[in-house]
Amino acid sequence: MQKVRGSNPLEPTEVPGYGIYRFKNLLNSEITPIFYKRKELMENIKITLPDGSAREVEKGTTPFQVAEAISGRLAKEALVAKVDGKLVDLQTPINSDAELQILTFKDPEGQHTYWHSTSHLMAHAVQEMYPEAKFGVGPAIESGFYYDIDIDTKLSEEDLPKIEKKMHQIAEQNNMFKRSELSKKEAEELWTKKGDQYKLELIEGLDDEKDVISIYGEGEFTDLCTGPHVPSAGKLKYFKLLSVSGSYWRGDEKNKSMQRIYGISFPKQKMLEEHLHLLEEAKKRDHRKLGKQLDLFSVQEEAGPGLIYWHPKGARVRHLIEAFWKDAHYDNGYEMLYSPHVGKKWLWETSGHLENYKENMYAPMTIDDQDYFIKPMNCPFHILMYKGQLRSYRDLPLRWAELGTVYRYEKSGVLHGLLRVRGFTQDDAHIFCTQEQIEDEIIEVIRFSMFMWKSFGFEDIKFYLSTKPEKAVGEDDLWDKAIHSLRNALEKEGYDYELDEGGGAFYGPKIDLKVRDALNREWQMSTIQFDFNLPERFDMTYIGEDGNQHRPYMVHRALLGSIERFFGVLIEHHGGAFPTWLAPVQVAVIPVSQVFFDYAKSVVDELKKSGIRVEFDQRNEKIGYKIRDWETQKVPYMLIAGEKEMEAGTVSVRQHKVGDLGAQPLQEFKDKVLNEINNKVINN
RNA sequence: GCUGACGUAGCUCAGUCGGUAGAGCACAUCCUUGGUAAGGAUGAGGUCGUCGGUUCAAGUCCGAUCGUCAGCUCCA
């Protein structure tokens, strides 16, 4: 049994009867012993480090000791280790040859361990402050951690600093995170005593054969946990509790609601400050805030939530997006459609929407004793057009696109600015094709989508491939071929993707493209979905080469997702400073005083003639004031026109965020801007 | 929809113990005619989200409702 010596758990462990000596000549031998003991007791094992070098160490040496032997700094920063790819505590003795990795906060696993340990510390603090507290789960998440807590007291933001204070007090005691392993029965007894039904439920769910039930104790606080953890609570120094909100036990809204506290922690104060600063900066980029500041769009409370009003400047950007989108579609072999906004009950019965999607549809309106529904999707209309005539294999593929406005009832709590709304315009298209054509079609859609995203300045996009769920329509063979084509297309195009096994819609597999917003939330944008349901329900056919009827493949795809959501992430991506080609106002002309109005007007007219969106600022204000104003409106260029410029026939150019560029001939400036516009230059 | 917080002028916000509404910006008028991020004066602008209750008295306390926000759940 090992003994921990002294109060600092990070000191090397001493094994009775074994002298531990640091080997002096560490660097010279290929296999470097780090510790060795008296010869007669020596039993060594070999550990391999990530750089490929191997070292011989005494059996039972801990990762921490290895770290210490390699470098004092590494030992200081070490949080957790990986032995043969498995995460373990730094104090876990290594007893056989192994590959060893020492992880610090720089490693994702190190970060996670750090955050998870902080969530234990937080739970400990909450337990001390509210002894009746029961705990759900408390994992590390992508950025920080949370813990679900069941207490009668309603926590508010004001309670968070108090909990933080308690956490600091506990951290100062620097208790070790101690691991113990229990039998299922022992664990059940322990939490029955604590009266924590959540943990009991978790224990209940464990497999008694396979799973080791491990618990971690830190000071007075013990928690069911697979670990690993940082060695001691004293390592956790700089943390901030960010918010408290509701959650459900096991994520099921039928279960009791709990309170969830979110937080984040870092080993260095500077890192914490930087992170908090980033959060502040991100808030400034929030499209809801910028939408108001730049007068782009609004939601009218009185007229209904989740419905977007596009103001002139936002509408101008939308027009440019849509015009570009339409041209690109014609260039890529698509035809454009327009379809109605409502359809009779028959249509939605046939499509199956009334059966499967009714709770998301706006209620029907009765016209001439017939129920009409507002469309939640465009597909049935496109299908009717397909069925309007007999189709031959020679007609395929058909690529039909529409900027189709749909309305869906979304639960009130999920509405979010432009990103989750009730009425939106999909940049929708349906591709009808033969089996032989599907892979090429998918490849084309992926290329087209990425072309669109790149045109608007996006590079960081993640792909998700979703396969067949349990409840699904369509034969396995169809699914397999479709999934195969999706996978192949992604691989041929060289895109990494995450597999969401069973995450497809019931009617077909899909590829989703997701983009992050300023607040680091991921939103599904583009989607490429097979549909085995609608062609069947509407009995779509084409006549094949063999003269027989065949069922076409149907693919739904939206490149940008919806215009609303796309506009939302576009605003955030550029922080409201749109590239020149998309800016609602491209140039503001500012005369130094009224004396130069005529000259400034000639500049304005000249630019307008070239189709540049220019504003003439004739307000009775000083130029400092006007510059500040246009700068906050994030207009790409300002032109100052005064005496010098009038005499020389030039303009003084000021670029957004960059500043004064000096005087240049008007023609030169005009060419530069036109070039930026025509080539859709992304300047940030 | 659920849990919690919030809702005051066009915007951002203050408003103490319940005593009848305040700032800055924006806007209007006037003065000022200016050189790269806010010139000055004056003025107008609010049934304090809505409905109801308690009270002599409600922006303030209570309830309901609508909406927003943070999450949860959902997302064909």
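Since the model is a prediction, treat every value here as computed from it, not as a measurement. Proteins come first, then strands; the chains are lettered A, B, ... in the order of their sequence lines, and each starts at number 1.
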Requested in this report: Drop me the distance from Ser265(A)'s OG to Phe239(A)'s CZ, to the nearest 0.5 angstrom.
Outcome: 8.0 Å
Select base, sugar-phosphate, or nothing to describe what [X] touches, counting heavy atoms under 4.0 Å on all strands.
{"X": "Lys644(A)", "result": "base"}
{"X": "Asn360(A)", "result": "nothing"}
{"X": "Arg654(A)", "result": "base"}
{"X": "Tyr248(A)", "result": "base"}
{"X": "Glu645(A)", "result": "base"}
{"X": "Tyr262(A)", "result": "sugar-phosphate"}
{"X": "His416(A)", "result": "sugar-phosphate"}
{"X": "Arg420(A)", "result": "base"}
{"X": "Glu643(A)", "result": "base"}
{"X": "Gly624(A)", "result": "sugar-phosphate"}
{"X": "Arg521(A)", "result": "sugar-phosphate"}

Query raised in the report: Relative to each other, are the rings of Phe432(A) and His430(A) parallel, tilted or perpendicular (30° and 60° limits)?
Result: parallel
Report task. Report the relative orientation of the aromatic rings in His416(A) and Trp523(A); use parallel for angles under 30°, tilted for 30 to 60°, perpendicular for over 60°. Result -> tilted
Starting from [atom2] on [N], measure out to [atom1] on [X] and report it in whole angstrom.
{"X": "Lys283(A)", "N": "U12(B)", "atom1": "NZ", "atom2": "C1'", "result": "15 Å"}
{"X": "Lys292(A)", "N": "C13(B)", "atom1": "NZ", "atom2": "P", "result": "9 Å"}
{"X": "Asn356(A)", "N": "C75(B)", "atom1": "CG", "atom2": "C1'", "result": "15 Å"}
{"X": "Lys622(A)", "N": "G40(B)", "atom1": "NZ", "atom2": "C1'", "result": "10 Å"}
{"X": "Glu302(A)", "N": "G7(B)", "atom1": "CD", "atom2": "C1'", "result": "13 Å"}
{"X": "Glu621(A)", "N": "A28(B)", "atom1": "CD", "atom2": "P", "result": "10 Å"}
{"X": "Lys626(A)", "N": "U33(B)", "atom1": "NZ", "atom2": "P", "result": "14 Å"}
{"X": "Tyr625(A)", "N": "C25(B)", "atom1": "OH", "atom2": "P", "result": "10 Å"}

Given [options], identify the nucleotide with an atom nearest to the side chain of [X].
{"X": "Ser593(A)", "options": "G35(B), A37(B), G34(B)", "answer": "G34(B)"}
{"X": "Tyr409(A)", "options": "G1(B), G34(B), A37(B)", "answer": "G1(B)"}
{"X": "Gln594(A)", "options": "U33(B), A37(B), G35(B)", "answer": "U33(B)"}
{"X": "Ser243(A)", "options": "A70(B), A37(B), G67(B)", "answer": "A70(B)"}

Quiz: residues 585-594 of chain A side-chain donor-acceptor pairs under 3.5 angstrom, not counting sequence neighbours:
unit_1    : atom_1 : unit_2    : atom_2 : d
Gln586(A) : OE1    : Arg613(A) : N      : 2.7
Gln586(A) : NE2    : Thr580(A) : O      : 2.9
Ser593(A) : OG     : Val595(A) : N      : 3.4

Rounded to whole angstrom, note down the [atom1] distance from [N] over to [M].
{"N": "G71(B)", "M": "A44(B)", "atom1": "C1'", "value": "43 Å"}
{"N": "U42(B)", "M": "C48(B)", "atom1": "C1'", "value": "27 Å"}
{"N": "U50(B)", "M": "C11(B)", "atom1": "P", "value": "15 Å"}
{"N": "A26(B)", "M": "G39(B)", "atom1": "P", "value": "9 Å"}
{"N": "G4(B)", "M": "U20(B)", "atom1": "C1'", "value": "32 Å"}
{"N": "A57(B)", "M": "G18(B)", "atom1": "P", "value": "15 Å"}
{"N": "G59(B)", "M": "A14(B)", "atom1": "C1'", "value": "12 Å"}
{"N": "A58(B)", "M": "G40(B)", "atom1": "C1'", "value": "41 Å"}

Query raised in the report: Do Tyr599(A) and Glu647(A) get their side chains close enough for a donor-acceptor pair, meaning under 3.5 Å?
Result: no
Exercise answer: donor-acceptor pairs, residues 306-315 of chain A side-chain atoms, under 3.5 Å, sequence neighbours excluded:
unit_1    : atom_1 : unit_2    : atom_2 : d
His311(A) : ND1    : Asp295(A) : OD1    : 2.7
His311(A) : NE2    : Ser298(A) : OG     : 2.7

Requested in this report: Please tell me which of Asp286(A) and Asp660(A) maps to the more 5' nucleotide of RNA chain B, matching each residue to the nucleotide holding its nearest heavy atom.
Outcome: Asp660(A)
Query raised in the report: Given that Arg260(A) and Asn620(A) both sit by RNA chain B, which one's nearest nucleotide is further toward the 5' end?
Result: Asn620(A)
Query raised in the report: Which of these passes side chain to side chain donor-acceptor pair (under 3.5 Å) with Tyr507(A): Glu536(A), Arg537(A), His556(A), Gln529(A)?
Result: Gln529(A)
Query raised in the report: So, is Arg288(A) near the phosphate of A70(B), with a side-chain N or O under 4.0 Å from OP1 or OP2?
Result: yes
Query - Ser247(A) side chain near G71(B) phosphate (N/O to OP1/OP2, under 4.0 Å) - result: no
Report task. Would you sort out whether Gln293(A) and Thr632(A) count as a side-chain contact (heavy atoms from CB on, under 4.5 Å), showing the intermediate values? Result -> CA-CA 9 Å; Gln293(A) 258 169 38; Thr632(A) 59; over 6 Å; no
Requested in this report: Could you provide the dot-bracket string of RNA chain B, using ( ) for intrastrand pairs, [ ] for crossing pairs and | for bases paired to another strand, with Watson-Crick or G-U pairs below 3.5 Å?
Outcome: (((((((..((((.....[..)))).(((((.......))))).....(((((..]....))))))))))))....
Query raised in the report: Should the pair Lys375(A)-Glu402(A) be classified as a salt bridge under the 4.0 Å nitrogen-to-oxygen rule?
Result: yes
Report task. Could you tell me whether Asp148(A) and Arg260(A) have a side-chain N and a carboxylate O separated by less than 4.0 Å? Result -> yes
**Report entry** Polar side-chain contact Gln259(A)-U3(B) base: donor and acceptor under 3.5 Å
**Finding:** no
